[in-house]
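Here's the structure, in structure tokens; my notes come after.
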Amino acid sequence: MNVFIDGNAGTTGLKLEERLRGRGDITLLKVDDALRKDQSAKKAVMDEADVIFLCLPDDAARESAAMAGAGAIVIDASTAHRADPGWVYGLPELSQQRRLAVSRATRIAVPGCHASGFISMVYPLVSSGLLSAGARLNCVSLTGYSGGGRGLIDTYENGRTPGDMLCAPRPYALGLTHKHLPEMTAQTGLTHEPHFYPVCGDMARGMLVSVHLWADQFAQDTPPEKVWEALAAHYSGSRFIRVMPLDGESPLDGGFLDPTACNGTNDMEIFVFGNSKQMLLAARLDNLGKGASGAAVQCMNIACGIEEHLGL
């Protein structure tokens, strides 16, 4: 199978290439370095590819998608096509119908990293009727700096001193218009965008997405045990999404929840904490794994009829 990664010099592209390089079933195609800005040369390589990954800024991803042949499977890791009805949203764990759609798709949009955690926690509650689609939710997401691309990685890893401002968590997107909001709303069935802001932490990789719930947001008496049961039932048998035991603080390390524990995997772990008055849901994942390149490979495997976990 011939695979072309358009944008293989970026963070997601590099991780994709790393995941695919050792697979005997894949031949990685490349544009000659001397011709990398030649669109006709790129088009010639794309025409040879069975699968094309787009790891590009949104506008460039749209341009490349338009160049791809109808017979190729195109998997876009940018924001460009996540709300496009002609593309399948690549979170197969949402439902059997979504998994089937991914398996038949030739145009797949990889979910955003923050959105992956939020949607995975909220969708089962809304779709089961436990949580009203009209609920107004708060979400905070702590993420590793690698999600900001090469520029931010360079800022964190070169030329700083211990104790400077980069050592502290830094909230951003405080205009509350983050680019993941449309998919977070549409894919959960919510009628209101969540109140959402991300926080960049002093860690290269890792992510902890949290959603805050109050008892009066549910249509009926819903203790944490009932929320946990709904999530556990939804992800029963899932290869990559696990609902962790409802054991209060037992999953914690000295009272803390480590956002890096899923690094290097395509796993997501979902936790339920709280009491009869309020709850905290938390999703832990690798922002470059299930939040990016891992999810892209998983979608490729499903769309190509390959074992879902291959290379993951």
Side-chain angles (χ1 to χ4, degrees), residues 1-7 12-13 15-16 19-20 26 46 49-124 126-127 179-190 234-235 237-241 266 268 283 285 289-312:
M1 181 167 61
N2 291 333
V3 174
F4 174 55
I5 302 172
D6 194 0
T12 299
K15 288 300 174 185
L16 261 173
R19 289 178 180 275
L20 298 176
I26 285 175
M46 292 174 74
D50 302 298
V51 178
I52 299 167
F53 289 102
L54 305 180
C55 303
L56 301 162
D58 289 359
D59 288 343
R62 293 185 186 96
E63 291 176 9
S64 284
M67 293 170 59
I73 296 172
V74 182
I75 301 175
D76 184 10
S78 80
T79 313
H81 297 102
R82 292 175 188 161
D84 189 323
W87 290 63
V88 173
Y89 192 77
L91 191 54
E93 291 90 353
L94 285 188
S95 65
Q96 286 302 317
Q97 292 82 1
R98 184 62 55 89
R99 179 174 292 276
L100 182 61
V102 172
S103 74
R104 295 174 173 175
T106 59
R107 298 294 183 270
I108 301 170
V110 179
C113 53
H114 304 288
S116 295
F118 179 82
I119 294 166
S120 297
M121 293 184 287
V122 175
Y123 173 85
V126 174
S127 63
K179 65 180 181 178
H180 290 182
L181 280 168
E183 60 187 290
M184 292 166 73
T185 308
Q187 296 297 329
T188 52
L190 292 172
H234 187 90
Y235 293 112
S238 173
R239 178 102 192 184
F240 295 112
I241 300 182
N266 191 52
M268 180 190 297
L285 62 154
K290 186 60 171 164
S293 63
V297 172
Q298 181 186 357
C299 287
M300 179 194 73
N301 289 345
I302 294 172
C304 293
I306 302 169
E307 290 186 12
E308 182 178 357
H309 65 277
L310 194 62
L312 295 171

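All values below were derived from every heavy atom in this structure, side-chain atoms included, with hydrogens, water molecules and symmetry-related copies excluded.
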- Task: Check the angle between the aromatic planes of H234 and Y123 and answer parallel, tilted or perpendicular using the 30° and 60° thresholds.
- Result: perpendicular

- What's the shortest heavy-atom distance between R19 and G311, and which atoms? NH1-O, 4.1 Å

- Listed partners of A72 passing side-chain contact (heavy atoms from CB on, under 4.5 Å), at least two apart: I52

- After noting the C-alpha distance and the side-chain angles of R98 and V88, does the key distance pass the side-chain contact (heavy atoms from CB on, under 4.5 Å) rule? CA-CA 8 Å; R98 184 62 55 89; V88 173; 4.2 Å; yes

- Item | Test salt bridge (Lys or Arg N to Asp or Glu O under 4.0 Å) applied to R82 and E183, step by step | CA-CA 7 Å; R82 292 175 188 161; E183 60 187 290; 2.9 Å; yes

- Would you check if the side chain of D50 reaches a backbone N or O of I73 as a donor-acceptor pair within less than 3.5 Å? no

- Task: State, yes or no, whether a side-chain contact exists between F118 and Q187 at a heavy-atom distance under 4.5 Å.
- Result: no

- Query: Between CE of M46 and CE of M67, what distance do you get to the nearest 0.5 Å?
  - Reply: 5.0 Å

- Quick one: pull up CD1 in I26 and CG in L310 and give me the separation to the nearest 0.5 Å. 7.5 Å

- Item | Minimum heavy-atom distance H81-A61, with the two atoms named | CE1-O, 4.1 Å

- Looking at C55 and T12, what are the two nearest heavy atoms and their distance? SG-CG2, 4.0 Å

- Task: Please examine the side chains of V3 and L20, heavy atoms only from C-beta on, and report whether any two atoms are closer than 4.5 Å.
- Result: yes

- Message: To the nearest 0.5 Å, what is the distance between CG on L16 and CD1 on I75?
- Response: 8.5 Å

- Would you mind telling me which of L91, L94, I302 makes a side chain to side chain contact (heavy atoms under 4.5 Å, CB included) with R99? I302

- Closest non-hydrogen atom pair, G117 against L285: CA-CD2, 4.4 Å

- Item | Rounded distance (nearest 0.5 Å) linking atom OG of S103 with atom CD of E308 | 11.0 Å

- Please tell me if the side chains of S293 and F53 come closer than 4.5 Å, counting only heavy atoms from C-beta onward. no

- Side-chain contact, heavy-atom cut-off 4.5 Å: C113 with H180? yes

- Note on the structure: Between S78 and D58, the two heavy atoms sitting closest are CB-OD1, 3.4 Å

- Message: Taking the side chain as everything from C-beta on, heavy atoms only, tell me whether M1 gets closer than 4.5 Å to I306.
- Response: yes

- Query: Is the backbone of L54 close enough, under 3.5 Å, to the side chain of D6 for a donor and an acceptor to pair up by distance?
  - Reply: no

- Heavy-atom closest contact (L56 atom, G7 atom, distance): CD2-CA, 3.8 Å

- Item | 4.5 Å side-chain heavy-atom contact, S120 and E93 | no

- Message: For the CD atom of E307 and the CG atom of N301, what is their distance to the nearest 0.5 Å?
- Response: 9.0 Å

